[in-house]
*Asks:* 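Got a structure for you, written out below as structure tokens; questions coming shortly.
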Amino acid sequence: MKGLFVFIILCFSGAALAHPVTYKGGTMIKSMFRQDMSQNSVTYSFHRQMAVGAGVDRFLAQGNETSWGFVELNALVKRWNLEEAQANIYLTSGMGSMVQNSRGEFAGKAGIQADYETRKFYTLAQYTSWFSKDVDMQYAMYRVGFAPFVAGYNDLAIWAILQTDYNRDMRKNIQVTPLLRFYYKNILWEFGSSIQGNFFGQFMVHL
Amino acid sequence: MWKILLIPGMIFAMSPLAKGADKTSAKTAAKSASVVTAPSAAPGTAVAPTAIVGVNGMVCSFCAQGIEKKFKAKTEVESINVDLDHKKVTIHFKPGQQLDDKTIKEIIIQEAGYEVVSISRE
């Protein structure tokens, strides 16, 4: 019962180191939620630089809800393994369908992500485009974070992150979201709220 | 609509997989060379060798879980210790068993995606 309670708390809080490709044979479950946007996906890395998966993205823009379902293919294009840091460039893509007002159409998405991380500092930039015959949406996100203390391999890690993101179809303004990230072993979650009051939560687990 | 088909195709075409960069990971070769007989011990003593691997890029425990998972799946491995402070992975083998350097490198580089800088034995 206690385990179930912890699991529910984790699911409804948040996550996101968000590496679209993990390690060969690794499965990643990811769930992100905010008031006007949610993303849920499962990906499997069949190679250390390639992953396939399936996901559902939902957006609420100007009173219209769109739901996107995809089969995804992600690639780690380049990784730098440094003595005190790691940096990555990823490409993400998806093919599937978009449903709006009970009407579906063929859709796709494509994105690029770059990140750099040490044990104390973290930054990430991401750009994603969703497109179908009638809808074309762009989303840009930038993050910078720091760890107030350096956690060991078996410790709970805590990070403070500032996220800024922009989607011209959903909001007029850039959303600025301070958030906290926690990770322990193979589980990671994040939660916060934008200064406009938009809750953000994300959960991720590596299996 | 052309973008929908073009972009995943481009990602695959650009990937190292399509370029055949993973040929070095030859699974069968690794399997055939994966077990090294441990040095013979004095009569009556059990040999439980250890490999200490220096690894670059290991900055996050959440991401480094793959290293632990991969080594734990090997029957030769008794336990593993990941030390982010000293950037080292210590592999404790079962008595009389080991993995050779090639296999250790394949797990950390080809499967987990990190860089091996040194391997020493105790």
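Bear in mind that the values here come from a model prediction, so they are computed numbers and not experimental data. Atom set for the values below is all heavy atoms of this structure, side chains included, hydrogens, waters and symmetry mates excluded.
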*Asks:* Rounded at 0.5 Å granularity, tell me how far NZ in B/Lys87 sits from CG in A/Asn81.
*Replies:*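 Output value for this atom pair is 13.0 Å.
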
*Asks:* A/Arg79 versus chain B, heavy atoms under 4.5 Å apart: side chain, backbone, both or neither?
*Replies:*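 Answer is side chain: those atoms of A/Arg79 sit under 4.5 Å from chain B.
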
*Asks:* Go through the atoms of A/Leu207 and report whether side chain, backbone, both or neither lie under 4.5 Å from a heavy atom of chain B.
*Replies:*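 Backbone only.
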
*Asks:* Looking at every non-hydrogen atom in both residues, tell me the closest pair between A/Tyr153 and B/Val82 and how far apart they are.
*Replies:*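 Minimum heavy-atom contact is CB-O, 3.4 Å.
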
*Asks:* Of all the heavy-atom pairs spanning B/Lys70 and A/Tyr23, show the shortest one and how long it is.
*Replies:*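 Heavy atoms only, the tightest pair is CE-CD1, 4.1 Å.
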
*Asks:* Between B/Gln110 and A/Lys24, does a side-chain contact (heavy atoms from CB on, under 4.5 Å) hold up when you go through it step by step?
*Replies:* CA-CA 8 Å; B/Gln110 300 293 340; A/Lys24 186 178 177 182; over 6 Å; no

*Asks:* Using a 3.5 Å cut-off and no angle test, enumerate the donor-acceptor pairs between side-chain atoms of residues 53-65 of chain B and protein atoms at least two apart in sequence or in another chain.
*Replies:*
from: B/Gln65; atom 1: NE2; to: A/Lys185; atom 2: O; distance (Å): 3.4
from: B/Gln65; atom 1: NE2; to: B/Ser61; atom 2: O; distance (Å): 3.2

*Asks:* Is it the case that over 12 heavy atoms from other parts of the model lie below 6.0 angstrom from the CG atom of A/Leu82?
*Replies:*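 Yes, because the 6.0 Å sphere around CG of A/Leu82 holds more than 12 heavy atoms from other groups.
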
*Asks:* Identify which part of B/Ile109 has an atom lying under 4.5 Å from any heavy atom of chain A, answering side chain, backbone, both or neither.
*Replies:*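 The backbone, not the side chain.
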
*Asks:* A/Ala147 versus chain B, heavy atoms under 4.5 Å apart: side chain, backbone, both or neither?
*Replies:*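 A/Ala147 has no heavy atom closer than 4.5 Å to chain B.
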
*Asks:* Quick one: what part of A/Glu72 sits under 4.5 Å from any heavy atom of chain B, side chain, backbone, both or neither?
*Replies:*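 Looking at A/Glu72, nothing touches chain B.
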
